[in-house]
Amino acid sequence: MSKKNNDFGIEKSLKNLGISKENKGVSSGGKYFAHGETIESYSPTDGQLIAKVKTGDAKDYQKIMDAAKEAFKEFRMIPSPKRGELVRQFGNKLREKKDDLGKLVSYEMGKSLQEGLGEVQEMIDICDFAVGLSRQLHGYTMHSERPGHRMYEQYHPLGVVGIISAFNFPVAVWAWNTALSWICGNVTVWKPSEKTPLCAIACQNIIAEVLKENKMPEGISGMIVGDHKIGDLLVNDKDTALISFTGSTRVGRIVGTNVAQRFGKSILELGGNNAIIITENADLDMSIIGAVFGAVGTAGQRCTSTRRLIIQESVYDEVKNRLAKAYGQLKIGNPLDEKNHVGPLIDQDAVKMYLDSIEKCKAEGGTFVVEGGVLEGKNYESGCYVKPCIAEVENHFEIVQHETFAPILYLMKYQNLEDAIAMQNDVPQGLSSAIMTQNLREAELFLSQAGSDCGIANVNIGTSGAEIGGAFGGEKETGGGRESGSDVWKYYMRRQTNTINYTASLPLAQGIKFDL
Ligand code: UN1
């Protein structure tokens with residue numbers, strides 16, 4: 001018998017996170033208000049209504065945007081290490097709330113508890129990263145061609161950063177953007193996914209405490225639950241200096257175009273179609289674990305999920321059989337129960353897309369090694385639990401070229417590594433990629449300029465689970481944006497080149513003479 005969710009302590013966690021049965025979904029950092037429609041958040045784990053949220057309307061949006069602009073005037077004047085101190089306190093609050101927030105992520109989104117906790121850990125990690133960075137926002141100094149001149153560059157904050165995040169990482173992606181925005185001196189306005197509004201309210205409550213304890217203006221961290229009309233307002237608002245958008249390629253194309261029209265900046269983190277190449281020199285034990293976790297983790301709903309396995313023909317059958325065996329051992333069920341490996345999809349729409357993709361794959365000639373299907377009956381009442389499945393396909397199938405946010409894994413065969421790399425690159429998306437090999441030549445070819453064309457390329461690691469310290473994002477239809485680590489902070493600032501003349505004369509550059 002499966003436990004009821006109450007047994008997993010959900011009610012207590014909701015209380016600890018300040019979530020009621022009825023919530024208002026707009027806040028400038030502390031107080032809540034909302035004048036739009038009411039939406040309901042159901043858990044995909046058990047189909048239960050968790051709570052209701054009143055969404056924001058256009059006036060509510062303007063209110064938090066005005067508050068953000070006002071707060072920015074003050075926030076930009078605070079030294080970066082002092083803003084880093086706010087981020088440090090935010091990270092500490094997240095440590096205190098890790099169990100509750102991880103559980104809510106798992107319950108509202110449906111990923112396993114381990115992955116929910118892992119997501120909160122990513123938030124804590126980005127805070128630590130940003131605190132250190134707050135003392136390192138450095139620019140270059142250059143030698144001027146003119147005597148008695150000094151030339152250097154510095155970075156200034158941009159203003160309001162709009163964050164539009166997706167349901168699959170309902171808290172971490174916002175935290176990546178917020179931690180960096182804050183140390184850079186920006187304020188944020190967040191539109192979370194309507195599918196996970198309670199996670200957003202929980203985060204907003206945590207951050208409100210930090211703002212209050214430090215007597216900061218509320219507008220530094222605005223949040224508005226709303227539909228695509230609110231997203232449109234944020235995207236088309238000339239006061240949003242940077243839009244950080246995570247979502248589908250289809251919507252990202254519109255967001256990117258609209259922001260570019262008004263010469264705004266954008267960071268786009270769109271679809272992936274990630275492959276692992278398994279060569280004849282791979283450690284197959286590792287390859288199987290990497291592939292299975294990559295494909296079924298978060299029920300295949302990560303941007304970085306493994307969707308394709310490109311396998312050398314001499315090990316193809318062995319990999320296929322071992323995968324089928326591993327899939328046979330997967331436990332599908334309530335993600336709050338640690339014995340389960342795979343939780344539900346986010347909602348019925350996602351289930352429909354999963355089923356449609358299976359049909360399309362079959363129609364194009366795909367053969368299923370492990371069949372899919374929707375699980376029914378006791379413990380699966382939400383109707384969102386599906387079987388992870390595996391199909392043998394050709395890379396050029398239309399469905400294989402497309403990202404389906406579900407646990408469907410495609411297998412294909414190759415003879416030589418150059419062909420495998422060409423197949424890996426021959427999709428519209430370019431987020432994450434991996435090679436499993438113990439052969440140095442193979443690994444280096446994969447990482448070379450003739451290798452993977454993705455933003456992330458790993459050796460002997462799967463495609464998902466990137467660390468926050470590296471720049472995260474991808475090429476082609478993935479959108480070209482980068483988030484979280486490395487020098488990504490530069491996206492959140494404007495660069496200014498300064499030249500100072502400390503002489504009593506005015507020599508012009510390029511040797512130009514202009515005597516009066
Ligand atoms: C996403 O799916 O949008 O690399 C983000 C990973 C996570 C982040 C995924 N660290 O799988």
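Just so it is clear, the structure is predicted and the values come from calculations on it, not from any experiment. In this chain, numbering begins with 1 at the start of the sequence shown. Order of listing sets the numbers, starting from 1, for every ligand and every atom in it.
Note on residues 104-114: pairs passing salt bridge (Lys or Arg N to Asp or Glu O under 4.0 Å), not counting sequence neighbours, are Lys111-Glu119. Among pairs with a residue in residues 322-357, none fulfils ring pair (Phe, Tyr, Trp, His ring centres under 6.0 Å), at least two apart in sequence or across chains. Residue pairs meeting the salt bridge (Lys or Arg N to Asp or Glu O under 4.0 Å) criterion with at least one member in residues 173-197, sequence neighbours excluded: Lys195-Asp347.
Salt bridge Asp237/Arg262: absent, no basic N to carboxylate O contact under 4.0 Å. Looking at Asp426 and Arg308, no side-chain N of the basic residue comes within less than 4.0 Å of a carboxylate O on the acidic one, giving no salt bridge.
A donor-acceptor contact closer than 3.5 angstrom links the side chains of Ser244 and Glu483.
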Check ligand 1 for close polar pairs with the protein: N or O on both sides, less than 3.5 Å.
{"from": "ligand 1", "atom 1": "2 (O)", "to": "Asn168", "atom 2": "ND2", "distance (Å)": "3.3"}
{"from": "ligand 1", "atom 1": "2 (O)", "to": "Cys303", "atom 2": "N", "distance (Å)": "2.8"}
{"from": "ligand 1", "atom 1": "3 (O)", "to": "Glu269", "atom 2": "OE1", "distance (Å)": "3.4"}
{"from": "ligand 1", "atom 1": "4 (O)", "to": "Gly465", "atom 2": "N", "distance (Å)": "3.2"}
{"from": "ligand 1", "atom 1": "4 (O)", "to": "Ala466", "atom 2": "N", "distance (Å)": "2.7"}
{"from": "ligand 1", "atom 1": "10 (N)", "to": "Glu122", "atom 2": "OE2", "distance (Å)": "2.6"}
{"from": "ligand 1", "atom 1": "10 (N)", "to": "Ala466", "atom 2": "O", "distance (Å)": "3.2"}
{"from": "ligand 1", "atom 1": "11 (O)", "to": "Arg302", "atom 2": "NH1", "distance (Å)": "2.9"}
{"from": "ligand 1", "atom 1": "11 (O)", "to": "Thr304", "atom 2": "OG1", "distance (Å)": "2.7"}
{"from": "ligand 1", "atom 1": "11 (O)", "to": "Gly465", "atom 2": "N", "distance (Å)": "2.8"}

